[in-house]
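Data block below; observations after.
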Number of protein chains: 2
Amino acid sequence: MQNRKVTILDIAERASVSPATVSRVINKSVVVKESKRKVVIEAMDELGFRPNALARGLVSGRSMTLGVLTQDIGSPLYDNIAKGIIRGLEGSGYSAILVDGLWRENRELEVINTLLDRQIDGLVLIGGVISEGELTKLRKRIPLILVGREMQGWEDYCINIDNFSAAYEATKFLIEQGHRRIAHVKGSPNHQDAEQRFKGYAKALEDSGIELIPNLIFQGDFFPQSGVLAISSFLERGDGFSAVFAANDMMAMGVRRALYQRSIRCPEDVSVIGFDDQIETAFLVPSLTTMRQPSVEMGMAASAALLDVIAGKPHDLPIFKASLQVRESTCRTG
Amino acid sequence: MQNRKVTILDIAERASVSPATVSRVINKSVVVKESKRKVVIEAMDELGFRPNALARGLVSGRSMTLGVLTQDIGSPLYDNIAKGIIRGLEGSGYSAILVDGLWRENRELEVINTLLDRQIDGLVLIGGVISEGELTKLRKRIPLILVGREMQGWEDYCINIDNFSAAYEATKFLIEQGHRRIAHVKGSPNHQDAEQRFKGYAKALEDSGIELIPNLIFQGDFFPQSGVLAISSFLERGDGFSAVFAANDMMAMGVRRALYQRSIRCPEDVSVIGFDDQIETAFLVPSLTTMRQPSVEMGMAASAALLDVIAGKPHDLPIFKASLQVRESTCRTG
DNA sequence: TTGTAAGCGTTATCAT
DNA sequence: ATGATAACGCTTACAA
């Protein structure tokens with residue numbers, strides 16, 4: 001399509017210097033006499049030179065590329081984390097290759113391999129179900145940061161909110177509002193955060209001397225439809241409830257929808273609380289009470305930390321906390 | 001971190017063949033005698049060999065990488081398109097580098113340059129505000145597909161729904177339901193789809209002999225809050241309305257919310273129609289009538305077409321149409 | 001069918 | 001401060 005690629009040799013020739021000097025100018029690695037530097041810069045401008053990142057990566061061993069393994073492009077939470085990661089790379093010279101693991105370990109391992117083939121300098125894993133054994137192997141090969149997932153003995157490289165405590169707080173809030181029969185819509189099986197949220201919910205009930213009723217627990221999948229199904233299930237099984245804690249906002253929307261269809265008022269008859277605080281929740285009718293997760297900030301922290309790790313600098317991870325956003329979908333009862 | 005990278009030379013030595021033969025086995029480019037092939041494969045397995053994508057790209061001139069320029073990671077529509085693109089790459093050997101243009105031409109051009117530096121084999125542009133002049137230059141340099149954007153004389157490489165017609169249809173639907181005073185919340189300025197939707201709206205009114213009332217048009221930004229502000233504006237200016245057409249679903253949610261806060265019933269007092277059909281809309285209360293846009297499919301078509309273009313094969317683009325999803329937020333009036 | 005060898009466009013290691 | 005020159009790991013003529 002084009003005449004020919006302009007290389008460092010062309011610049012060297014035009015500026016009457018050696019290729020090495022051109023390289024030095026590009027990389028600002030060692031000082032080059034100002035007069036030469038100027039000629040080189042001019043030559044690069046005139047010829048429209050752009051360095052070939054592949055060649056640089058090959059010889060330098062640094063590809064300036066990071067891998068990002070997400071699990072579900074299109075999920076509001078994960079997309080926000082990814083957005084934060086990519087935003088955190090701005091101006092760093094690094095780019096991100098984004099791949100989708102689809103919450104399947106085999107697929108995850110496969111796409112990680114394609115990332116490694118591309119000589120990525122570091123990797124961010126968002127969620128996922130890769131076994132700890134594989135993770136242990138992986139972290140020996142490449143700088144690694146986990147977001148939305150935890151791993152024993154690897155705390156310094158994990159960015160997460162405390163899902164257990166957050167769910168505990170959400171449930172406790174409902175209890176303080178006088179609720180005793182609190183249903184729960186679980187997130188997808190095998191998702192660490194979903195498990196933690198369930199456990200926090202259970203513990204809050206226990207600490208308040210409230211019995212956990214299996215009929216009031218529904219196995220959802222983080223999509224709205226499962227919130228709808230949850231309500232059907234609860235109603236069918238006949239154990240009354242005055243509040244529902246859904247493990248994310250989309251399921252909470254489904255819950256709210258199902259209540260409406262059965263003319264059960266929210267929050268007067270049933271309070272609903274979600275999780276994540278995706279942007280839409282504040283605009284629902286009624287607006288949704290939820291646990292906010294600072295997803296974009298978490299993503300930014302992830303790339304910042306990863307860049308430090310790659311540079312061999314000490315990194316520190318901010319502590320992220322979920323925060324309760326009380327809105328209209330919950331109220332006192334009793 | 002690791003002993004040393006296993007290269008093609010190690011394999012060659014271990015299998016007692018030349019590096020070229022190993023390469024042939026990897027690429028299946030020419031037939032290698034089965035016995036040798038087997039030894040090579042074995043050697044690769046035993047040593048855990050993985051080819052270096054940088055080296056391959058450098059010498060072959062094919063990086064097996066595509067660039068994807070989106071404008072707003074975290075936006076439901078764009079994320080779904082990106083999801084489709086990435087999904088469409090599965091099994092092709094290509095990976096995607098995702099960058100964010102933030103709807104700013106300078107930023108877009110800058111990140112496109114970083115993509116070109118990385119020797120991408122093709123580029124998908126989702127939306128964006130790059131001038132046609134720049135696009136013309138760009139498409140001479142690299143295989144290009146546009147999604148969610150159109151360009152004169154470049155129709156064979158653009159994937160889009162007809163926003164004008166879709167908006168026309170949405171507005172016409174409201175008119176057929178008896179509405180005459182139909183407000184419109186516009187999408188962000190300079191966004192091609194927002195402009196088209198506005199034009200379709202205006203044309204539908206015109207064709208039905210309904211006067212367009214400037215006070216009933218609000219300049220939004222595709223975020224929910226602008227839907228809220230739109231209602232304030234309409235009410236303040238005092239021109240009555242019985243329906244609102246928002247240029248996307250998030251703004252429609254804001255509209256719905258604002259109506260609720262003022263005790264204006266939806267749809268009894270005011271009908272609301274959105275655009276995009278993001279997953280949540282079917283679960284709202286009331287569920288939202290909207291124009292569905294097959295975003296994931298469009299993304300998949302984009303990568304399929306791009307791969308064809310790169311391969312020098314003829315490509316054809318399916319025609320995508322928006323489809324009206326009638327739900328509860330609209331009803332007859334008058 | 002296979003091997004040899006010349007690159008691909010840089011950076012990095014020496015000297016100078 | 002600068003210039004040769006050897007890598008980096010692979011593909012691809014060209015020979016054989």
Side-chain angles (χ1 to χ4, degrees), chain A residues 2-41 43-44 47-65 93 113-114 116-121, chain B residues 2-41 43-44 47-65 93 113-114 116-121:
Chain A
Q2 199 129 8
N3 335 17
R4 202 178 64 78
K5 290 245 163 124
V6 180
T7 77
I8 209 174
L9 270 70
D10 303 315
I11 307 300
E13 189 178 2
R14 190 171 234 262
S16 312
V17 297
S18 74
T21 298
V22 179
S23 172
R24 289 178 184 114
V25 171
I26 296 171
N27 296 296
K28 304 178 179 68
S29 47
V30 301
V31 183
V32 174
K33 204 199 292 177
E34 181 55 27
S35 60
K36 298 219 180 213
R37 211 184 68 86
K38 224 181 119 190
V39 206
V40 171
I41 300 265
M44 293 199 301
L47 269 48
F49 170 77
R50 307 261 352 172
N52 181 322
L54 261 36
R56 303 178 87 178
L58 179 59
V59 58
S60 71
R62 281 165 281 115
S63 66
M64 301 304 283
T65 304
N113 270 333
T114 77
L116 293 174
D117 292 351
R118 291 187 137 74
Q119 313 300 117
I120 52 168
D121 297 329
Chain B
Q2 199 128 7
N3 336 16
R4 201 178 66 76
K5 291 247 162 120
V6 180
T7 77
I8 209 174
L9 270 69
D10 301 317
I11 307 300
E13 190 179 359
R14 189 172 236 260
S16 313
V17 297
S18 74
T21 298
V22 179
S23 172
R24 290 177 185 119
V25 171
I26 296 171
N27 296 296
K28 305 178 178 71
S29 47
V30 302
V31 183
V32 174
K33 203 199 289 175
E34 182 55 27
S35 61
K36 297 219 178 210
R37 209 184 70 87
K38 223 181 120 189
V39 203
V40 171
I41 300 265
M44 295 198 300
L47 268 48
F49 169 78
R50 307 264 349 174
N52 181 323
L54 260 36
R56 301 178 87 177
L58 179 59
V59 59
S60 70
R62 282 165 281 114
S63 67
M64 302 304 285
T65 305
N113 269 332
T114 77
L116 293 174
D117 292 351
R118 292 188 137 74
Q119 313 300 118
I120 51 167
D121 297 329

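Each chain gets a letter, A, B and so on, in the order the sequences are listed, and its residues count up from 1.
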*Check whether any side-chain N or O of B/Thr21 sits under 3.5 Å from a backbone N or O of B/Val17 as a donor-acceptor pair, and report yes or no.*
no
*Between D/dT2 atom C1' and A/Arg37 atom CZ, what is the distance in whole Å?*
16 Å
*Could you please spell out the steps behind the side chain to side chain contact (heavy atoms under 4.5 Å, CB included) verdict for A/Leu116 and B/Arg50?*
CA-CA 9 Å; A/Leu116 293 174; B/Arg50 307 264 349 174; over 6 Å; no
*B/Met44 CE - D/dG9 P separation (whole Å)*: 17 Å
_side chain to side chain contact (heavy atoms under 4.5 Å, CB included) for B/Ser63 and A/Leu54? Distances and angles first, verdict last._
CA-CA 8 Å; B/Ser63 67; A/Leu54 261 36; 4.0 Å; yes
*asked:* I'd like to know if the side chain of A/Asp117 reaches the main chain of B/Asn52, judged simply by a donor and an acceptor atom lying under 3.5 Å from each other, with no hydrogens or angles considered.
replied: no
*Quick one: closest heavy-atom pair of B/Met64 and B/Asp121, and the distance?*
N-OD2, 2.6 Å
*Send over the distance from B/Asp117 CG to C/dC8 P, rounded to a whole Å.*
19 Å
_For atom CD1 of B/Ile8 and atom C1' of C/dA6, their distance in whole Å_ = 15 Å
*State, to 0.1 Å, how close B/Ile26 and B/Met44 come at their nearest heavy-atom pair, and which atoms those are.*
CG1-SD, 4.0 Å
*asked:* Let's see if you can work this out: which of D/dG9, C/dT10, D/dA1 has an atom nearest to the side-chain heavy atoms of B/Lys5?
replied: D/dG9
*Using rotation axes that map the C1' atoms of four end pairs onto the next four (five pairs an end), what angle separates the end axes of the helix from C/dT1-D/dA16 to C/dT16-D/dA1, to 10°?*
30°
*Identify the heavy atoms of B/Phe49 and B/Thr7 that sit nearest to each other, and give their distance.*
CE1-C, 3.6 Å
*Looking at DNA chain D, which of residues 51-60 of chain A put a heavy atom within less than 4.0 Å of it?*
A/Leu58, A/Val59
*Identify whether any heavy atom of B/Arg62 sits under 4.0 Å from a base atom; if not, whether one sits that close to sugar-phosphate; answer base, sugar-phosphate or nothing.*
sugar-phosphate
*Nearest-nucleotide pick for B/Val31, side chain only, options being C/dT1, D/dT2, D/dA1*: C/dT1
*Looking at residues 17-28 of chain B, who's got a heavy atom less than 4.0 Å off DNA chain C?*
B/Val17, B/Ser18, B/Ala20, B/Thr21, B/Arg24
*NA contact type, A/Arg50, heavy-atom cut-off 4.0 Å: base, sugar-phosphate, or nothing?*
sugar-phosphate
*Measuring from B/Glu34:CD to B/Ile41:CD1, what's the distance to the nearest 0.5 Å?*
8.5 Å
*Looking only at heavy atoms, what is the nearest atom pair of B/Thr65 and A/Arg118, with distance?*
OG1-NH2, 2.9 Å
*Heavy-atom pair of closest approach, residues B/Arg56 and B/Asn27*: NH2-OD1, 2.7 Å
*Roughly how far, to the nearest 0.5 Å, is the OG atom of B/Ser18 from the CZ atom of B/Arg24?*
6.0 Å
*May I have the distance from A/Leu9 (atom CG) to D/dA6 (atom P), rounded to whole angstrom?*
15 Å
